[in-house]
Protein chains: 2
Amino acid sequence: MAEAAPRRHPTLDEVAEHAGVSRSVASRALNNAPHVSRAKREAVERAVRQLGYARNSTARALATRQTGAAALVISGEDPSIFADPFFARVIVGASAALDSADLHLMLCLAASDRGRKRVEELLRSRGADGVMLMALREDDPLTRMADEAQMPVVFGGRPVGSAPRWYVDVDNVGGAREATEHLVSLGRRRVAVICGRLDTEAGRARYRGYRDAMLGAGLDPFPPTEGDFTERSGAAAMAALLAEHPDVDGVFAANDNMAAGALRIVRETGRRVPADVAVVGFDDLAVAQVADPPLTTVHQPVEALGREMARMLVALVNGQDPTPLVLPTRLTVRASA
Amino acid sequence: MAEAAPRRHPTLDEVAEHAGVSRSVASRALNNAPHVSRAKREAVERAVRQLGYARNSTARALATRQTGAAALVISGEDPSIFADPFFARVIVGASAALDSADLHLMLCLAASDRGRKRVEELLRSRGADGVMLMALREDDPLTRMADEAQMPVVFGGRPVGSAPRWYVDVDNVGGAREATEHLVSLGRRRVAVICGRLDTEAGRARYRGYRDAMLGAGLDPFPPTEGDFTERSGAAAMAALLAEHPDVDGVFAANDNMAAGALRIVRETGRRVPADVAVVGFDDLAVAQVADPPLTTVHQPVEALGREMARMLVALVNGQDPTPLVLPTRLTVRASA
DNA sequence: GCTTCCAGTGGGAGCGCTCCCAAAGCGCAC
DNA sequence: GTGCGCTTTGGGAGCGCTCCCACTGGAAGC
């Protein structure tokens, strides 16, 4: 009865011997496969308990050619990109979906040459059953690696200038358009834009959405003022904007972090939000609610993004052929606009 | 010359044959091991290139009994705990350290029974070479799993009521004491506290630090008002506090999220920060700088925490016996106190 | 009575790598 | 010429699992 902690891990052979059955039967019993009599099944279960057996996942992986793991690769020039709580939410969603498919999550921050090299090694050496790829920039070396990867690849957000076979994205254009239209509907006429990085598809798509809405309303779109999705860059962009166009009365920022930075600058220059300048963000992360005033923003289903990526990957691993997905966004109106 | 994409992955045997050497020599050449002549080494390299060979990491893992991966397990009752940007920073640090040891990172969000079961399975089936464990609560089932794990375990923060053999922690008591002393030095006398969860060691230690400082200054410590480290819970705690003690003139919150919530309530009840109520947080994450007013807070070296955990784990995997580590904290004074 | 079928069983051949060890090759001192 | 010690080489035995396949025996069908 006592589950003695074994010095060395018992193998399936030892379990089989202890239970008085063959290795095949023991294996089948362990995997809940058919063709095992009730008696032997119970004998195996008993032996497992008594020996404290736990199957060696590596050996199993070698025999089945399945690692039981999926990788989430987040690209970027430096690791701080990952500090964006956006990714944490994606991971929560992905993790849940992988859990129910019994896959482990490997997280790869491909933010240095070394990191990218290790991702490549992982892909080539089949250290995972599939990959989810995020935050690719223009000419990202990971794009090539993905092409050559001998395993399923799902993109989170589309890479710049190419439509991969499998991806999950959010409706960036539609969200940005709706945000801008909201500002216009509030009577704002000099609506500026703080873009995200224009070497990412999300950055470009959100600018397109803004531009479409402005043109649609018969207004002049501002040229892009580019930030890098950080609070600091949003503040800098807002400062530059106000210096050149002191009469701006509305701003669409391509994410909440930058919107928060913009808010700070608007306040610091003595203007009121939303009375003097109305601000809309994008993401609807925690910062939007904490901001002062709380941020009107485009809600995107971040956890669902992660979940759907993982689901799509699981489908691929199981030999299915899922179709790409674009998740809807939704304007959430708070005090800032 | 052409690196034809192989339908089936070539094996080391095929590489060896193609290079006209034995499998052993090919293996040695690939691993940069000695006892390989220059000529054969080059022949192997050529064959690798021509066949587009990539070693199968699973087979290697089976033979070497090393998976090449380390797991980071984050415990919690529900997955949203992971949304705290704190963990993202830990991961950035850990990931960098693991990268230089050529270990992959497996991320496990053990927030459900299913998740915990899978962690247990991972530990027992040797799906990783070692584990880092974080955010354990009192009587956390993961504590037992860690005891029984047949692999190195490093704790991030100490678990409640026990000192594991290997851990990395931050000086929670010292930081909280310094924060409280700062409030006292500003002339505040009715300094309340918004605790973190008291079933975590960090929550308890920070309350102890607060208490020590109050008693040391000859002041009456408040009893704990408990939050759960979220903005919302900080707001609720602050509201409760002000209802019962309208004359509070200082608050130490056990993390920045809760401090931000407190700030919001203080503002909403028409009080000024810091004039009427001074507020100090703990963590020094991004939210501290974005808060209005910017938060005086206890800075803790979050990325270093992750990095040192990973380093300690690498040392353990390599058969060394590192010593536990407590990282220093430092008060960062901004506008809120 | 015979064949037919199928659940149940165990042997054996992998999966693709590492690493031990015996053997071969070779220079050099005696 | 012999012996010693070194590097280099390749064969083979694992690592611990899955899965194919051949075999058994009892129930069902004729």
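This structure is a prediction, so every number in the text was calculated from the model and none was measured.
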Subject >> Polar side-chain atom of B:D84 near backbone of B:F86 as donor-acceptor pair, under 3.5 Å >> reply: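 It does hold such a pair.
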Original post:
Quick check: does any side chain N or O of A:S57 sit under 3.5 Å from a backbone N or O of B:S125, one acting as donor and the other as acceptor?
Top reply: yes
Original post:
With a 4.5 Å heavy-atom cut-off, do A:E201 and A:E138 have their side chains touching?
Top reply: no
Original post:
Is any side-chain heavy atom of B:Y167 less than 4.5 Å from a side-chain heavy atom of B:V154?
Top reply: no
Original post:
Over how many whole Å does the gap from A:R41 atom CZ to C:dG10 atom P extend?
Top reply: 14 Å
Original post:
Could you write nucleotides 15-24 of chain C as a row of B, S and -, 5' to 3', where a protein heavy atom under 4.0 Å of any base atom gives B, of only sugar-phosphate atoms gives S, and otherwise -?
Top reply: BBBBB-----
Subject >> Side-chain donor-acceptor pair present, A:N31, A:R60, cut-off under 3.5 Å >> reply: yes
Original post:
Where the side chain of B:S22 is defined as all heavy atoms beyond and including C-beta, which of D:dG10, D:dT7, C:dT9 is the nearest nucleotide?
Top reply: D:dG10
**OP:** State whether B:K40 places a side-chain N or O below 4.0 Å from either non-bridging phosphate oxygen (OP1 or OP2) of D:dT8.
**Re:** no
